[in-house]
Amino acid sequence: MGSSLNMQVTGYVGSDPQVRQVGEQTVASFSVAVSRKNRAGEKQTVWVRVSCWNKLADIAVKYVHKGSLIQATAEWLRLSAWTDQGGTPQPSLDIDANRLVLLDRAENGDNGHSEESDIPF
């Protein structure tokens, strides 16, 4: 059996997805803020750059917006950095999502299913 890495990110989206073509494939990318308080009570935030490909990109473009609460799962990650407004490099992680869960509630107050749904629960 080989080695593996699975990563699950839950956080708030920092900007609307940016869509681009890579060859014949579509990719939608957006940043997700993952925050916590350390032992001293100070807030720490790590930005994770999420890329969704093809059909998952179509879903991201349609449903993911700045401020959305999402959960993305990936099987690999890459380390990178971005520069803040003060010119200071900040750490970031990049992932290619293979699963995307939208955690926001539906805007009209329902659970996202139509009344004609075949779901038995």
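In this text the structure is predicted, and so the values were computed from the model without any measurement. For the single chain, residues carry numbers from 1 onward in sequence order.
- In the hydrophobic clustering (ILVMFWY side chains linked at under 4.5 Å, chained through shared members), W53 is joined by V22, V27.
- Among all heavy-atom pairs drawn from L56 and N98, the shortest one is CD2-C, 4.0 Å.
- Through direct or relayed side-chain contacts under 4.5 Å between Ile, Leu, Val, Met, Phe, Trp and Tyr, L69 connects to Y12, V101, L103.
- Sorted by first and then second residue, the salt bridge (charged side-chain N to carboxylate O under 4.0 Å, His left out) pairs with a member in residues 5-18 form an empty list; sequence neighbours excluded.
- Sorted by first and then second residue, the salt bridge (charged side-chain N to carboxylate O under 4.0 Å, His left out) pairs involving residues 81-92 (not counting sequence neighbours) form an empty list.
- The line from CD1 of I70 to OH of Y63 is 16.0 Å long, rounded to the nearest 0.5 Å.
- Contact record, A97 with C52: CB-SG, 4.1 Å, taken as the closest heavy-atom pair.
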Could you go through the side-chain contact (heavy atoms from CB on, under 4.5 Å) check for V34 and T45 one step at a time?
CA-CA 6 Å; V34 180; T45 302; over 6 Å; no

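- V50 and V61 fall into different hydrophobic clusters, where Ile, Leu, Val, Met, Phe, Trp and Tyr residues are linked whenever their side-chain heavy atoms come under 4.5 Å apart, directly or through other members.
- To the nearest 0.5 angstrom, T10 atom OG1 is 3.5 Å from Q71 atom CD.
- Note: M7 CE to L77 CG = 5.5 Å, rounded to the nearest 0.5 Å.
- Screening residues 19-46 for salt bridge (charged side-chain N to carboxylate O under 4.0 Å, His left out) gives no qualifying pairs among residues at least two apart or on separate chains.
- Side-chain atoms of S92 come within 3.5 Å of backbone N or O of W47 as a donor-acceptor pair.
- Side-chain atoms of R49 and S31 include a donor-acceptor pair closer than 3.5 Å.
- Of the inter-residue distances, the one linking T26 atom OG1 with D58 atom CG reads 6.0 Å to the nearest 0.5 angstrom.
- Taking all atoms of both residues into account, the shortest heavy-atom contact from A28 to A57 is N-CB, 3.7 Å.
- A continuous path of hydrophobic side-chain contacts links V32 to L100 [ILVMFWY only; heavy atoms under 4.5 Å].
- Note: Q90 CD to T88 OG1 = 6.0 Å, rounded to the nearest 0.5 Å.
- Side-chain atoms of D94 never come within 3.5 Å of backbone atoms of R78 as a donor-acceptor pair (strictly under, hydrogens ignored).
- Linking ILVMFWY side-chain heavy atoms closer than 4.5 Å, directly or via other members, places I95 and I59 in a single hydrophobic cluster.
- Dense packing is recorded around CH2 of W82, with more than 12 heavy atoms of other residues, nucleotides or ligands lying under 6.0 Å away.
- The minimum heavy-atom distance between V13 and H65, with the atom names listed, is CB-O, 3.5 Å.
- Judged as a salt bridge (charged side-chain N to carboxylate O under 4.0 Å, His left out), not a single pair has a partner in residues 66-75 (not counting sequence neighbours).
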